[in-house]
Amino acid sequence: MTSQPDSMHAISEDTRRTVDDVLEYARRRALYEDIPLDKPMSPADLARLASGSITPDGIGAERAVSLFENVLAPACISTDHPGYLSFIPSAPSKASLAFDVVVSASAIYGGSWMEGAGAVFAENEVLHWLAHEFGLPESSGGVFVQGGTIGNLSALVTARDAARRRNREAGRSDPARWLVVCSGEAHSSIASAAEVMDVGVVSAAPDAEGRLHGDSVARALDEHGDAVFAVVATGGTTNFGIVDDIAGVAAAAKERDVWLHIDGAYGLAAMLVPELRPVFAGVEQADSVIVDPHKWLFAPFDACALIYRDPSLARLAHTQKAEYLDTLTDSPDWNPSDLAVQLTRRSRGLPLWFSLATHGTEQYRATIAYGIDLARRIGDEIERRDGVSLVRQPQLSVVVFRREGWTAADYQAWSDRLLEEQRAFVVPSSHAGEPVLRFAIISPLTTYELLVDILDSLG
Ligand SMILES: *Cc1c(COP(=O)(O)O)cnc(C)c1O
């Protein structure tokens with residue numbers, strides 16, 4: 001007989017100290033006054049400094065925490081540093097990141113109501129608030145999934161399933177190849193979802209400003225007819241923060257009875273700001289929408305809110321059937337697993353729930369509005385300066401601009417130096433073949449002065 005191995009799970013002096021060491025480090029990291037930017041390290045350097053931690057008897061919590069704090073963590077760029085302006089930064093509120101620790105400590109299974117009712121209820125409170133803000137009906141509902149990529153995929157799988165069902169009910173056959181219509185400016189995850197689903201992508205041309213309009217979508221739909229199962233509009237492109245003419249796209253899709261999905265992973269959060277609401281007109285007609293709390297809703301990695309106008313269609317598309325699951329799937333309960341491409345799930349909406357409950361919705365509106373205002377102010381400053389110019393007026397919180405006379409190599413050398421000096425993380429981007437710079441502003445800790453300082457460093 002094998003004796004019960006209890007040393008990892010028992011409440012002993014050792015395990016107490018381990019928990020204390022880890023939580024104490026988490027507390028230090030969460031409360032850093034000056035978040036270090038840090039930078040990556042070469043595999044060779046990390047091998048030299050950090051290998052050998054996996055041993056038959058373990059190196060102990062104290063050494064492992066120390067290795068992480070002193071070697072591994074500094075070899076990761078802090079995406080919540082106020083000078084992290086590349087890609088889309090993260091800026092979790094202190095309440096949300098602290099509560100993420102509670103989610104881990106609570107061992108909640110977030111996939112089913114039977115197991116996680118309380119957590120699922122709280123997540124649904126957030127999803128219903130978001131749905132209401134987006135103008136979706138009371139009956140809409142959804143689930144927090146890992147990220148926008150999985151959110152987009154799950155929504156499109158539901159859309160295609162609904163189209164197939166309608167064909168079956170009408171006695172029509174399915175097209176040789178299903179198609180999704182989206183803008184040429186749509187996020188790469190749409191093409192990735194299409195690849196996974198083995199469907200084609202029809203790229204509808206946006207206008208010169210990068211906005212997709214209804215006429216372009218209407219043309220694509222009329223050309224491809226019943227082969228199209230969904231139209232995707234973007235509520236804030238990642239590169240520029242451009243919001244499509246969603247009302248126009250919605251009209252074209254609805255007239256032809258085609259599913260409308262809104263990819264608002266980054267930008268849809270801006271709809272919480274009253275002055276920005278008109279920009280997003282048409283979202284209320286969506287069949288599905290996504291927005292990533294880990295982007296502009298100040299939650300930690302990783303979470304995407306996926307909301308359906310009619311969640312029953314998602315359930316038909318996604319519910320997994322297995323004998324061991326019958327007790328769950330045969331009940332009318334609200335099971336988050338049934339709404340997306342996933343089964344086991346972390347209750348990843350809880351950090352946002354806790355932070356929203358703590359601070360209230362007004363604080364969220366104000367913090368998002370700050371980023372939009374900051375983008376406009378620094379955009380104006382770029383226009384005033386010699387030697388730099390905007391590629392486009394910022395619409396949300398992304399500012400794309402050029403340093404006159406610089407080659408791609410100049411941009412790269414400057415960016416490397418900025419990171420080396422631990423001042424900011426601004427990677428060169430490109431637009432229509434031209435190398436450009438891009439500030440993506442999320443964090444309320446990012447200041448106008450910091451951005452001016454970065455502009456000054458462009459010489
Ligand atoms: C970031 C982003 C995605 C992908 O989201 P992940 O959470 O990174 O998977 C999809 N669409 C848009 C518009 C995005 O900005």
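Whatever order the structure lists them in is the order used to number ligands and atoms, beginning at 1. Here, residue 1 is the first one in the sequence, and each next residue gets the next number. Heavy atoms only: backbone and side chains are in, while hydrogens, waters and symmetry mates are out.
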Has the side chain of Ser347 got a donor or acceptor atom that lies under 3.5 Å from a matching backbone atom of Leu350?
no
Are Thr319 and Thr329 close enough, and set up right, to give a side-chain hydrogen bond (donor to acceptor under 3.5 Å, both in side chains), and what steps lead you there?
CA-CA 7 Å; Thr319 302; Thr329 45; over 6 Å; no
In terms of atom number and element, which parts of ligand 1 are under 4.0 angstrom from non-hydrogen atoms of [X]?
X: Ala265; answer: 2 (C), 3 (C), 10 (C), 11 (N), 12 (C), 14 (C)
X: Thr238; answer: 12 (C), 13 (C), 14 (C), 15 (O)
X: Tyr266; answer: 15 (O)
X: His294; answer: 7 (O)

Non-hydrogen atoms of Asn239 and Arg438 that approach each other most closely:
O-NE, 3.0 Å
Thr237-ligand 1 polar pair, N/O distance under 3.5 Å
no
Distance under 6.0 Å and angle within 45° of ring axis: Arg392 vs Phe240
yes
Ring-face cation of Arg315 near Trp334 (centre distance under 6.0 Å, axis angle within 45°)
yes
Which protein non-hydrogen atom lies closest to [atom], naming both residue and atom, and how far is it?
atom: atom 1 (C) of ligand 1; result: Lys295 NZ, 1.3 Å
atom: atom 4 (C) of ligand 1; result: His187 CE1, 3.4 Å
atom: atom 6 (P) of ligand 1; result: Gly148 N, 3.2 Å

Work out whether the distance between some heavy atom of Ser189 and some atom of ligand 1 is less than 4.0 Å.
yes
Does the residue Ile88 have a heavy-atom contact with ligand 1, meaning some pair of atoms that are separated by less than 4.0 Å?
no
Does the ring centre of Phe134 sit less than 6.0 Å away from the ring centre of Phe280?
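Ring centres of Phe134 and Phe280 not closer than 6.0 Å.
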Check: Tyr266 ring centre within less than 6.0 Å of Trp296 ring centre
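Under 6.0 Å, so yes.
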With a 4.5 Å limit on heavy-atom distance, are the side chains of Arg423 and Ser457 in contact?
yes
May I ask which of Ile290, Asp302, Asp263 has a heavy atom nearer to atom 11 (N) of ligand 1 than the others do?
Asp263
Side chain, backbone, both or neither: the part of Asn152 lying under 4.0 Å from ligand 1 by heavy atom
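Contact part for Asn152 vs ligand 1: side chain (C-beta onward).
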Give the contacting part of Thr149 toward ligand 1: side chain, backbone, both or neither, where contact means a heavy-atom distance below 4.0 Å.
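For Thr149, the contact with ligand 1 is made by both the backbone and the side chain.
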From Asn152, Val231, Val180, Asp287, residue fulfilling side chain to side chain contact (heavy atoms under 4.5 Å, CB included) relative to His261:
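The side chain to side chain contact (heavy atoms under 4.5 Å, CB included) with His261 is passed solely by Asn152 among Asn152, Val231, Val180, Asp287.
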